[in-house]
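Below: the structure, in structure tokens.
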Amino acid sequence: MFASQTLDIDGVFLGTLIVDRGQKGHRFYAAHDSVRSLHNRVLAEADELRRQAVAQFRRALATTGGKSADR
């Protein structure tokens, strides 16, 4: 079984960071529309994927007036 970490911000589930042994990094499985463009992105550092997803989510919230589609 692969190791994974869920990623949520402000109570909204964005996706999962999965250890990708084949790529020797971490893969992002996007579950929220605001971070869909990051789906399957692989980076060596989980923290960088997390930072990108959180930043993209916050940009999307800013453009929708602070309302998530999940709320």
Side-chain angles (χ1 to χ4, degrees):
M1 183 162 139
F2 293 104
S4 64
Q5 302 171 8
T6 60
L7 177 58
D8 64 86
I9 183 83
D10 300 331
V12 178
F13 177 64
L14 300 182
T16 304
L17 298 165
I18 303 166
V19 173
D20 190 331
R21 292 185 181 126
Q23 297 285 332
K24 296 185 179 171
H26 294 83
R27 180 172 55 91
F28 183 65
Y29 182 92
H32 194 272
D33 284 340
S34 67
V35 293
R36 188 74 56 206
S37 66
L38 298 175
H39 184 68
N40 281 328
R41 180 170 292 182
V42 177
L43 292 177
E45 298 295 326
D47 287 340
E48 179 59 19
L49 268 173
R50 185 177 295 108
R51 186 196 65 72
Q52 288 180 18
V54 168
Q56 190 161 321
F57 173 72
R58 290 205 168 131
R59 276 192 303 273
L61 277 183
T63 61
T64 61
K67 294 182 181 173
S68 168
D70 289 349
R71 291 186 177 183

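Computed from a predicted structure; not experimentally measured. The chain is numbered in sequence order, starting from 1.
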Partners passing salt bridge (charged side-chain N to carboxylate O under 4.0 Å, His left out) against Arg59 (at least two apart in sequence or in another chain)
none
Residues Ala46 and Leu17: closest non-hydrogen pair is O-CD1, 4.1 Å
Does Phe13 form a ring-ring contact (aromatic ring centres under 6.0 Å, His included) with His32? I'd like the steps, not just the answer.
CA-CA 7 Å; Phe13 177 64; His32 194 272; 9.1 Å; no
What I'd like to find out is whether the side chain of His26 reaches to under 4.5 Å of the side chain of Val42, using heavy atoms alone.
no
Does any non-hydrogen side-chain atom of Asn40 lie less than 4.5 Å from one of Arg27?
yes
Report the distance from atom CG of Leu43 to atom CZ of Arg50, rounding to the nearest 0.5 Å.
12.0 Å
Any non-hydrogen side-chain atom of Ile9 less than 4.5 Å from a side-chain atom of Leu14?
yes
To the nearest 0.5 Å, what is the distance between CZ (Arg58) and OG1 (Thr63)?
14.0 Å
Atom pair CG (Leu7) and OG1 (Thr16), whose distance is rounded to the nearest 0.5 Å:
8.0 Å
Give me the atom names and distance for the closest heavy-atom approach of Ala53 to Leu38.
CA-CD1, 3.5 Å
Between Arg51 and Asp47, does a side chain to side chain contact (heavy atoms under 4.5 Å, CB included) hold up when you go through it step by step?
CA-CA 6 Å; Arg51 186 196 65 72; Asp47 287 340; over 6 Å; no
Flag the pair Phe28 / Val35 as yes when at least one side-chain heavy-atom distance between them is below 4.5 Å, and no otherwise.
yes
For the pair His39 (side chain) and Ala30 (backbone), establish whether a donor and an acceptor sit closer than 3.5 Å, ignoring hydrogens and angles.
yes
For a quick check under 3.5 Å, do Gln52 and Gln56 share a side-chain donor-acceptor pair by atom type?
no
